[in-house]
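Scroll down for the structure; my scribbles are underneath it.
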Amino acid sequence: MKSGINKFGQTAFLALTLIGVFAGLTPAQPSGDFPVPASFQVEGVPRIKNDDVKHLFYEPSAIKSNLIWDVDRKARKLLVTDEKTAVYSVEAPLKKPSLLVEGRSPNTLRVSPTSSLIAFNNDKDDADNYALFLWDGKDLRKLSNFTGKDDSVDSFIWARDGKSIYYTHNDYEAKVTKLCQHDLNRSTCFQVDLKGLWNVIDVDRGNILLKYWKSASNQNIFNYSIKSGALSPLSESGNSTKAFFASGKALILNEDSPECGGKSCLLSFDLRNNRKKIVSLQNVRGHLGDIKPSPDGKRILVQEAFDGIDTLWVGKIKNERIKPETTNFLDGSYVVWNTRWLSDSEVVFTIENIARPALIRSFDIRSKKTTNWTESSMPGVLAGKVRSPETIRWKSFDGKEISGYIVKPSKVERKTPVLIFIHGGPQVLDRPTFNSLDVRFAAFLGLSIIHTNIRGSRGFGSEFMDADNGPKREDAVRDISSLLDWIAKQPDLDPDNVIVRGESYGGFVALATGLKESSRIRAVIAEYPLVSIRNYLKQSWIDEFARNEYGDPNDEALMKKLDELSPLNSASRWKGTPLFLTRGKLDSRVPEGDVLGLKSQLREAGTDVWFIYATQAGHGVSGRFVTGAMYEFLKTHIGRKQK
């Protein structure tokens, strides 16, 4: 999806202007220097000696990591990630992945339930706008056809007979969605009025389940009858995050509705007689991350988390509750991704943790046997360099409990400097996954790294997710201020040596913290940041989802309040805190002029700004040079005498 979590909008790029701005910024590089890529243009970044950063890097193959895309039940094989940006096939446990589809990294991939045909969406041809493709094992065929300026296939599903694909054609310019069907020969769209952002999530017996995204905390489920053309609401209160068909009934995971008593429950709808029942989730005690029915609809796979660590168990729906058939079958502390049913009695899933890259396992419910389908590995230089992550909690200014986790070096002899990381979204949950950057910074700089889930993050209920909306945006920044108070009380952390880092929306909060807490932080790292909410909301694609999160762009009093959080056009309030800033030329989510304007204003005011402009990157700037430059920036400013 483009709005809210995954997209900040469309922005025009003035190439001729930028040629003038960046001409000559990356001169010929002396031997012995860490090379600046030809696609990077830098300002303010000092020459980096290769000898100073070469210890950070290793051969890509030194880290072995696999994530699952989907399962091919008919051929009994997995579709996974591997070394390249591509799709690989694993045809048996621990068999080497074989390249299947090269040069495409799907956003979503689904295998036909009756054959080995693969459908996926991908934005390689137009950043952030997903086209729909079909792969038959030999040829790749594009199924979608766009005529608008900002069209995207954000969701799709296979019919259960494998003869067609249902998908949503999202037009972000017109702010409407079309529901379409492709029979693998041609596409037709249904005559149903869908204003705003909709996703298709399941289809069965002539009924299609659709999700309407009003906001991240207000998602509603509708049923569309193919025969009658009627669009009927199944949930209009609370927040319905998941839905699926099982045994002829529609089941909806809902939270905060009166029907669920303000908690989470599973709503069961019999569409034949319009009867509704409540399925109790009394056996779910942690945060419910996912729930999936088996292909025959007789079992339910439940994924729940405790302090960011996942558990998996299988149950059956009996007497309006999920009765466990197994206990948690994970044999360690892991984060779980992309669960799938390999058969009616087997599940497959990806696991990882801070010290272990991702690998894929399966579990047989009948035999209780666990099988590794892939193995993970990491460079010896990184092994044993960090401790297991610790969950931390602190009280914010209003008494609200905020949480996160901290990664510490394995050997600590004195108070450690601290790097605070703020995720983007904001409706994202930061979990302790494998992070080689964390491991390297902890190992080679002695940093303790705190990952935060400030208000606005998902996973803590709708009220928490909405607690930063509109005029409450500054409260998220105050959560970081309260974290600085917490750090000051910890015996092993150095409160005089704190740097704040954020990506995307997290970059906005990091910049706002730089304004508010200049006396308590040494530097700010803002990677491809949202800089001005006012200017972001001016973009033509802005919809109800974005306005619910950030506010009404016509509310001038609110816009002025939000302007106060940004250093843009307020360079005099930025007290010289050093800034590491990145921007991708192809970024269609954040207005180009905001990032360039901030960079220029702060540099003119005398701030030490290290700026990287990536001409071939979108919303996300990475690579060896970014890692090396960030390492040198941190090394330079850890222990810097504050002004």
Side-chain angles (χ1 to χ4, degrees), residues 2 6-26 36-46 48 123 126-128 421-425 437 500-512 514 523-539 565-571 574 577-605 607-634:
K2 291 189 174 185
N6 292 325
K7 181 175 173 72
F8 281 107
Q10 296 294 320
T11 305
F13 173 69
L14 302 178
L16 293 177
T17 301
L18 291 177
I19 290 173
V21 170
F22 291 105
L25 294 180
T26 307
V36 180
S39 62
F40 281 16
Q41 296 163 341
V42 301
E43 282 186 77
V45 180
I48 300 172
D123 67 344
D126 185 3
D128 292 328
F421 178 75
I422 308 163
H423 64 68
L437 199 62
V500 179
R501 174 188 171 213
E503 296 176 347
S504 190
Y505 166 78
F508 176 86
V509 177
L511 290 168
V524 170
I525 299 173
E527 298 176 78
Y528 42 97
L530 172 63
V531 173
S532 167
I533 291 177
R534 176 193 290 271
N535 292 341
Y536 155 65
L537 290 173
K538 287 180 180 179
Q539 298 175 108
L565 299 179
S566 173
L568 183 66
N569 302 321
S570 298
W574 188 270
T577 304
L579 174 63
F580 185 98
L581 184 66
T582 68
R583 166 73 190 183
K585 173 182 176 179
L586 305 180
D587 189 342
S588 62
R589 306 185 188 187
V590 176
E592 173 88 359
D594 290 354
V595 180
L596 299 183
L598 176 64
K599 177 264 301 180
S600 298
Q601 291 171 15
L602 294 186
R603 282 178 62 83
E604 289 171 5
T607 298
D608 181 18
V609 179
W610 296 29
F611 182 59
I612 298 175
Y613 184 83
T615 61
Q616 297 179 10
H619 194 64
V621 180
S622 60
R624 290 166 66 96
F625 184 79
V626 175
T627 298
M630 192 183 301
Y631 173 83
E632 287 296 299
F633 181 83
L634 289 166

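Hydrogens, waters and symmetry mates play no part in the numbers below; they use all other heavy atoms, side chains included. This chain uses plain numbering: 1 for the first residue, then up along the sequence.
For the residue pair H619 and Y528, the shortest heavy atom distance occurs at CE1-O, 3.5 Å. Scanning all heavy atoms of the two residues, the minimum distance from I422 to A510 falls at CD1-N, 4.0 Å. Residue G584 comes nearest to V621 through the heavy atom pair N-CG2, 3.6 Å, listed as atom of the first residue, atom of the second, then distance. Considering every non-hydrogen atom in both G514 and T577, the closest pair reads O-OG1, 4.3 Å. Of all non-hydrogen atoms in S622 and F40, the two that sit nearest each other are O-CZ, 3.7 Å.
Shown here are the side-chain contact (heavy atoms from CB on, under 4.5 Å) partners of S570, two or more places apart in sequence or in another chain: R573. Taking F508 as the reference, nothing meets the ring-ring contact (aromatic ring centres under 6.0 Å, His included) condition, with sequence neighbours excluded. Residues meeting the side-chain hydrogen bond (donor to acceptor under 3.5 Å, both in side chains) test with D608, sequence neighbours left out: W610, H637. Qualifying salt bridge (Lys or Arg N to Asp or Glu O under 4.0 Å) partners for R603, counting only residues two or more places apart in sequence or in other chains: E43. The ring-ring contact (aromatic ring centres under 6.0 Å, His included) search around F625 returns none, not counting sequence neighbours. Q601 meets the side-chain contact (heavy atoms from CB on, under 4.5 Å) test with L568, N569, A571; sequence neighbours excluded. Take E527 and apply the side-chain hydrogen bond (donor to acceptor under 3.5 Å, both in side chains) test, not counting sequence neighbours, and it matches R501.
By the 4.5 Å heavy-atom criterion applied to side chains, Y631 and I48 are not counted as neighbours. Looking only at side-chain heavy atoms (C-beta outward), V595 and Y613 stay at 4.5 Å or farther from each other. Looking only at side-chain heavy atoms (C-beta outward), L598 and W574 stay at 4.5 Å or farther from each other. Here the side chains of L581 and P529 are in contact, with some heavy-atom distance below 4.5 Å. Two residues are said to be in side-chain contact when any heavy atoms from C-beta on lie closer than 4.5 Å; R583 and V590 meet this criterion.
Distance check: T627 OG1 to E632 CD gives 12.0 Å after rounding to the nearest 0.5 Å. With values rounded to the nearest 0.5 angstrom, I525 atom CD1 is found 10.0 Å from T582 atom OG1.
Between the side chain of S39 and the main chain of A614, no donor-acceptor pair closer than 3.5 Å is present. Between the side chain of S566 and the main chain of V531, a donor-acceptor pair closer than 3.5 Å is present.
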Run the side chain to side chain contact (heavy atoms under 4.5 Å, CB included) check on V509 and V500 step by step: do they pass?
-> CA-CA 9 Å; V509 177; V500 179; over 6 Å; no
